[in-house]
Amino acid sequence: MRKPYFHLQRLVKKYSRPIRLHIRQEGVYDGGVYCPGETEIKDTYGACIAMKRPSMNDSGGNYAKEDKHLYLLNPIPHALENVKVECDGQMYTITIDRDHGNEPFTGVYAYYLTWISKFDTKELPPEVTQHADGA
């Protein structure tokens, strides 16, 4: 990768904090019965930033105030499939992968995070729901 034109990497490093990626591995069929894959937890650093109100309204979607932007220096492989992000004790799902070929210019990978309510934990694996509840 060549040197980026803009130095956004410095800003991402400055505002980065520890985050956890909960990556669900693909499941397998065993004798016709589906067995879900295990969840791998990967600790990393990223800038998890709250959305401004204009970006919530102008994005053409319905975003809650808890939704965030995530900026990383390394990509999340298959970010839209089976990946949950834990930031500041809250769980998020990646809803938009904003990688559109701008990485050579910026050196940064950008994602939209949608907050997962504690009431929506039915889709999370048991180890994630226990961790989110503080157990």
Side-chain angles (χ1 to χ4, degrees):
M1 186 169 141
R2 60 187 173 166
K3 185 176 177 183
Y5 293 115
F6 303 103
H7 297 287
L8 296 177
Q9 291 178 343
R10 184 177 48 176
L11 285 172
V12 171
K13 286 179 185 177
K14 180 178 180 179
Y15 294 106
S16 285
R17 56 183 175 237
I19 61 170
R20 280 191 156 164
L21 301 175
H22 298 264
I23 304 167
R24 165 80 49 116
Q25 303 299 321
E26 288 193 34
V28 295
Y29 283 95
D30 185 19
V33 177
Y34 181 75
C35 301
E38 300 210 1
T39 301
E40 174 189 352
I41 296 176
K42 181 179 176 185
D43 292 325
T44 188
Y45 287 88
C48 193
I49 300 169
M51 287 182 152
K52 291 190 211 175
R53 185 159 308 278
S55 81
M56 284 191 274
N57 296 335
D58 294 340
S59 296
N62 218 0
Y63 295 99
K65 67 179 181 177
E66 292 87 3
D67 295 348
K68 302 206 182 277
H69 292 284
L70 177 63
Y71 299 96
L72 299 171
L73 298 178
N74 297 311
I76 300 173
H78 308 291
L80 299 176
E81 304 170 8
N82 301 323
V83 177
K84 306 286 185 235
V85 178
E86 181 181 347
C87 180
D88 295 332
Q90 297 291 322
M91 292 298 295
Y92 300 90
T93 185
I94 299 173
T95 53
I96 298 176
D97 182 353
R98 294 181 48 205
D99 297 339
H100 300 294
N102 293 329
E103 296 78 33
F105 301 109
T106 62
V108 174
Y109 297 87
Y111 304 94
Y112 276 166
L113 301 180
T114 301
W115 178 64
I116 300 174
S117 169
K118 293 205 185 261
F119 298 109
D120 293 337
T121 56
K122 61 184 174 293
E123 67 180 49
L124 295 175
E127 61 272 8
V128 174
T129 56
Q130 289 174 358
H131 184 65
D133 292 338

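Everything quoted here is computed from the prediction, not taken from an experiment. Along the sequence shown, the residues carry numbers beginning at 1.
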Step-by-step side chain to side chain contact (heavy atoms under 4.5 Å, CB included) determination, Y109 to I76:
CA-CA 8 Å; Y109 297 87; I76 300 173; over 6 Å; no
Could you please spell out the steps behind the side chain to side chain contact (heavy atoms under 4.5 Å, CB included) verdict for L72 and I19?
CA-CA 10 Å; L72 299 171; I19 61 170; 3.9 Å; yes
Evaluate side chain to side chain contact (heavy atoms under 4.5 Å, CB included) for Q90 paired with K68, printing each intermediate quantity in order.
CA-CA 11 Å; Q90 297 291 322; K68 302 206 182 277; over 6 Å; no
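By the side chain to side chain contact (heavy atoms under 4.5 Å, CB included) test, P36 is found to be paired with R24, Y34, residues two or more places apart in sequence or in another chain being considered. Every residue meeting the side chain to side chain donor-acceptor pair (under 3.5 Å) condition with D88, not counting sequence neighbours, appears here in chain and number order: R17. Residues that satisfy the side chain to side chain donor-acceptor pair (under 3.5 Å) test with E40, not counting sequence neighbours, are Q25. Residues satisfying the salt bridge (Lys or Arg N to Asp or Glu O under 4.0 Å) test with D30, not counting sequence neighbours, are none.
Considering OG1 of T44 and CG of L70, their distance stands at 9.0 Å, rounded to 0.5 Å. Atom CD of E86 sits about 7.5 Å away from atom CD1 of I41, to the nearest 0.5 Å.
By the 4.5 Å heavy-atom criterion applied to side chains, I94 and L113 are counted as neighbours.
A centroid separation of 6.0 Å or more is found between the aromatic rings of H69 and Y111.
A distance-only check finds a donor-acceptor pair linking the side chain of D67 to the backbone of W115 [under 3.5 Å].
Under the 4.5 Å side-chain heavy-atom criterion for ILVMFWY residues, no single connected hydrophobic cluster contains both Y15 and Y45.
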